[in-house]
Amino acid sequence: MKGTGRRLCASTLGLACGLYAPLAWAQAETTATPDDAAPAFGLEEIVVTAQRRAENLQKAAIPVSAVTGDLLITAGVADVTSLTKMVPALVVQPSVGTATNFYIRGVGSFAANAFTENPIAFNFGGVYVARPAAPLGTFYDLERVEVLKGPQGTLYGRNATGGAINVLPARPKLDQVGFDLTAEYGNYDAKALMGALNLPLGDKAALRVAGQVRDRNAYMSDGYDDEEGQAGRVSLLLQPSDWLTATIVADYFHQGGKGGGGVLVPGPLTPGAPEPKDRIGGADPRSIAALEAGFPGMVSSGRVKPPGTDGFVDNDFWGIAGTFEADLGSATLTVLPAYRDTRPDFLAYNGGYSSRVDEVAKQKSLEVRLASNSGGTLDYVVGAYVFDEKQVDLNDFTQGLVLRTNFTTRLHNESVAGFGQATLSLSDDLRVVAGGRYTKEEKSQDTTLTQTSFGQGVTSDFTGKAKFDRFTWKAGIEYDVAPRSLLYANVGTGFKSGGFFIAALDNSFSPEKLTAYTVGSKNRFLDNRLQVNAEAFYWDYTDQQVNYIGPIRSSATTYGTGLITTNAGKSRMYGLDTELDFQLTPDDRLTANIQYLNGKYTKFDYIAVSANGAPLRHGCTVTPASNPPLAAPARPFLVDCSGNRQINSPKWTVNLGYTRTFELANDYGLELGVRTRIESGRYLATEYLPEQYQKSYRSSDIYATLNSPDGLWSLTGFVNNLEDRTIYAGSSLRPVIPAVYNILRAPRTYGLRASVHY
């Protein structure tokens, strides 16, 4: 047996095998029962659909992390931004207003208006959600969340350059009456109520109704960083015959309150700014006074408008989707039509300036897949995808008298794709994988842009059309070293389509591309009590799309400033991602997820603008540029960040967890748990200023849960961010004046959570 292990280590997957071969030998020598025999205790099996078919997480030969719905509740993950603390490879960054940015291993983008899209695909219930504000309000009554790391250019395709996030809601169950109800109260007068009711409708149908209400006072002194939301979801399961199943899901979410806040960060030009740990918001008079002191005469004259207290959020999101599955004997046909309506409506100041957005985005999609039944010599998934999105929006960004940018736009995005992926078994233990996807997209815009400075404005009307097409592919190999040990290697590609930004001329950008090389290993040892998964990766990222404030052409001879998207970057990333889960005893469980990431921009340069002509304040190399010609006093500068570490790419990220269960008198149970995230330093924005650097930190959560003997109820006390760390979540450099405003993650929170299950 040891000789067999050594021969395996000589294969192309020798690196991963070398790490785990000793454990593989131990497993093969000590396991005396069949693989499917139930041990006395061990780790549960998690089923995922990351590859568009149901399969054991440990059999899925791709880098994917899965978090169950119960664990999300225990960890206090109530929204998508909190998912960061569960997956080392993922950084979820709140942005200007209510937009959300996703970064996986440094791949992401700054989404701040209707033109911008994220290169991490967000899918809810199997449906791709295009708008960056729409993921809010989905985190309740979930089966699990899957985070796929690396380009998903075959089975997902659209805007999945760096990966995908799949949020899977709980499905109705036949022949089962049940309900779950959870009430929560904590500091900052935080109140939450979440519930779900499952009702069978005869023996061929079931209904599930779920919802949540959340309300919390502000974390910031100026009333921002509060929470107010109401969400509901209705799911209907129909099973009229043994071969046909239909699930229809309708959901709604309203987000209110004042919205996200930001703090003016102390720096060379704003030395008097309050310390971020005091959470004195940008609209607080103390913060405004520090801004005026740093830039004398700018605020008092009205040339620069400070953050105000009149911000609000009045967002509405809803959608309906159907999943129709037909068992054809040797394969399953899945048809997934969907519609989503996204209506962000807010006034925000968390970027330091006034951001008024009122948008209506309507998307329709249809996906059709045919998947063979698993276990054959050839397993396959083939399908087609159609996507159509129309947007109408108003964007008004006001710096003060010196500059106001207002644009209304109509956007139309269409995407059509055909795809397929197959796994061929060469033997009982060896398989090869190949897949491809062809995508064709067309985008159009009709925009009216007005830029005003000291009462003088220029209005431009412009239209544009662009077409993009791309073939993306994947190839790989899988080998079963032992019944519970898998080695795999693959190479895959992904792309994010090009598009437009607000300018009359020179207003488009090209697609970006990423190629990922992966060698991985998934293992269960010690009678299914120890799980060790590891992935070594190398990513090559080209034509990277970067968003920044720069010069835009309002006409053939007139330039202003606005949010630009350009193909400015090339980068490479490599590292190692390891996940360990150890059920030490029936009552003790230890988890450790560790990622090492080395990400660097190999080419990253662009043109930026100084509104007053002074040298730009920047952490990269800045040199004067001759183009474009700008009206004095504005001046262009060439910014070169080549060689810098990628933003939102900590070198080390470590998630540790430990739970201990105690059996009390009268069959009561007590579970104690602790989780901690340790993260090395990282920059949050491409200006690379000291104020935009998040230093290394450790943030921990603890909880204690009392479970009733019959399992009908539980009571949990929790403390999140036990150390009360001040952690930067996002950063913005104000246009016109180089003041930095940062968004903060939650402070220390604590409370009680009571749950009833039936």
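All values derive from a computational prediction rather than experimental measurement.
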- Message: Applying side-chain contact (heavy atoms from CB on, under 4.5 Å) to Thr74 and Thr716, what does each step give before you reach the verdict?
- Response: CA-CA 9 Å; Thr74 302; Thr716 300; over 6 Å; no

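- The line from CG of Leu366 to CG of Asp388 is 12.0 Å long, rounded to the nearest 0.5 Å.
- Defined by atom type and a distance below 3.5 Å, a donor-acceptor pair is present between the side-chain atoms of Ser700 and Glu723.
- Here the OG atom belonging to Ser355 is positioned 7.0 Å from the CG atom belonging to Asn350, to the nearest 0.5 angstrom.
- Put simply, the side chain of Lys85 gets close to the backbone of Ala75: a donor and an acceptor are under 3.5 Å apart.
- The backbone N or O of Met220 sits nowhere less than 3.5 Å from a side-chain atom of Asp225 that would complete a donor-acceptor pair.
- Of the inter-residue distances, the one linking Leu590 atom CG with Leu656 atom CG reads 7.5 Å to the nearest 0.5 angstrom.
- Closest approach of Ile743 and Pro94 over heavy atoms only: CD1-O, 3.5 Å.
- Looking at every heavy atom in both residues, Thr138 comes nearest to Leu142 through O-CD2, 3.4 Å.
- Atom CG of residue Leu199 and atom CG of residue Leu236 lie 11.5 Å apart, to the nearest 0.5 angstrom.
- Pro747 approaches Asn721 most closely through the heavy-atom pair C-ND2, 3.5 Å.
- Between Arg524 and Glu45 there is a salt bridge, with a side-chain nitrogen of the basic residue lying less than 4.0 Å from a carboxylate oxygen of the acidic one.
- A donor-acceptor pair is defined here as one N or O able to donate and one able to accept, closer than 3.5 Å; such a pair exists between the side chain of Arg233 and the backbone of Tyr140.
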- Applying side-chain contact (heavy atoms from CB on, under 4.5 Å), run through Arg214 and Glu184 and close with a yes or a no. CA-CA 9 Å; Arg214 306 190 72 90; Glu184 187 176 301; 3.9 Å; yes

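- Taking CD of Glu359 as the start and CG of Leu394 as the end, the distance is 10.5 Å to the nearest 0.5 Å.
- Proximity of a side-chain donor or acceptor of Asn528 to a complementary backbone N or O of Leu43 within less than 3.5 Å is detected.
- Val357 has its side chain out of reach of Asp393: every pair of non-hydrogen atoms, C-beta onward, lies at least 4.5 Å apart.
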Please tabulate, one pair per line, all N/O donor-acceptor pairs under 3.5 Å involving side-chain atoms of residues 316-329, not counting sequence neighbours.
from   : atom 1 : to     : atom 2 : distance (Å)
Asp316 : OD1    : Tyr252 : OH     : 2.4
Asp316 : OD1    : His254 : ND1    : 3.1
Asp327 : OD1    : Gly329 : N      : 2.9

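- Listed here is the closest heavy atom pair of Arg677 and Thr84: NH1-O, 2.6 Å.
- At least one donor-acceptor pair closer than 3.5 Å links the side chain of Arg53 to the backbone N or O of Tyr380.
- With Gln239 contributing its side chain and Ser241 its backbone, the two residues share no donor-acceptor pair below 3.5 Å.
- A salt bridge links Lys149 with Glu579; the closest basic N to acidic carboxylate O contact falls under 4.0 Å.
- Figure legend: Arg52 and Tyr156 shown as a cation-pi pair, the cationic atom lying under 6.0 angstrom from the six-membered ring centre and within 45 degrees of its axis.
- The existence of a salt bridge linking Asp189 and Lys191 is confirmed by a sub-4.0 Å separation between a basic side-chain nitrogen and an acidic carboxylate oxygen.
- Atom NZ of Lys362 has 12 or fewer heavy atoms from other residues, nucleotides or ligands within 6.0 Å.
- Side-chain polar atoms of Glu146 and Asn166 form a donor-acceptor pair below 3.5 angstrom.
- Counting only distance, with no hydrogens or angles, the side chain of Gln230 and the backbone of Phe253 share no donor-acceptor pair below 3.5 Å.
- Looking at every heavy atom in both residues, Glu117 comes nearest to Asn413 through OE2-ND2, 4.1 Å.
- Within the 4.5 Å cutoff, the side chain of Thr245 has heavy atoms near those of the Arg171 side chain.
- No option in Asp581, Thr661, Thr659 other than Asp581 meets the side chain to side chain donor-acceptor pair (under 3.5 Å) test with Arg589.
- For the atom pair CD of Gln363 and CD of Glu389, the computed distance is 6.0 Å after rounding to the nearest 0.5 Å.
- Between Arg340 and Phe124, some side-chain heavy-atom pair lies under the 4.5 Å cut-off.
- Under the side chain to side chain donor-acceptor pair (under 3.5 Å) criterion, Lys204 pairs with no residue, sequence neighbours left out.
- Panel note: side chain Arg144, backbone Val47; a donor-acceptor pair is recorded below 3.5 Å.
- Around atom CH2 of Trp713, more than 12 heavy atoms belonging to other residues, nucleotides or ligands sit under 6.0 Å away.
- Side-chain atoms of Ser708 and Asp710 include a donor-acceptor pair closer than 3.5 Å.
- Residues Val145 and Met86 form no side-chain contact, since every pair of their non-hydrogen atoms from C-beta on lies 4.5 Å or further apart.
- Using a 4.5 Å cut-off on side-chain heavy atoms (C-beta onward), Leu670 and Tyr668 make no contact.
- Within the 3.5 Å criterion, the main-chain N or O of Gly717 finds no donor-acceptor partner in the side chain of Tyr750.
- In the displayed structure, Glu663 atom CD is contacted under 6.0 Å by at most 12 heavy atoms of other residues, nucleotides or ligands.
- For Tyr385 and Phe419, the ring centers are positioned 6.0 Å apart or more.
- Contact check for Tyr185 versus Leu752: no side-chain heavy atoms found under the 4.5 Å cut-off.
- Side chains of Asn720 and Tyr703 form no contact here, defined as non-hydrogen atoms less than 4.5 Å apart.
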- Step by step, work out the side-chain contact (heavy atoms from CB on, under 4.5 Å) result for Arg484 and Gln58. CA-CA 8 Å; Arg484 290 185 178 272; Gln58 290 300 104; over 6 Å; no

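- At a threshold of 4.5 Å between non-hydrogen side-chain atoms, the residues Leu333 and Val368 count as touching.
- Put simply, the side chain of Asp345 never gets that close to the backbone of Asn315: no donor and acceptor are under 3.5 Å apart.
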- I would like to know whether Lys59 and Lys522 meet side-chain contact (heavy atoms from CB on, under 4.5 Å); could you show each step before the answer? CA-CA 8 Å; Lys59 298 295 185 180; Lys522 293 189 174 185; over 6 Å; no

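- Asp141 and Gln212 share no side-chain donor-acceptor pair at under 3.5 Å.
- The shortest heavy-atom contact between Asn118 and Gly108 is OD1-CA, 4.5 Å.
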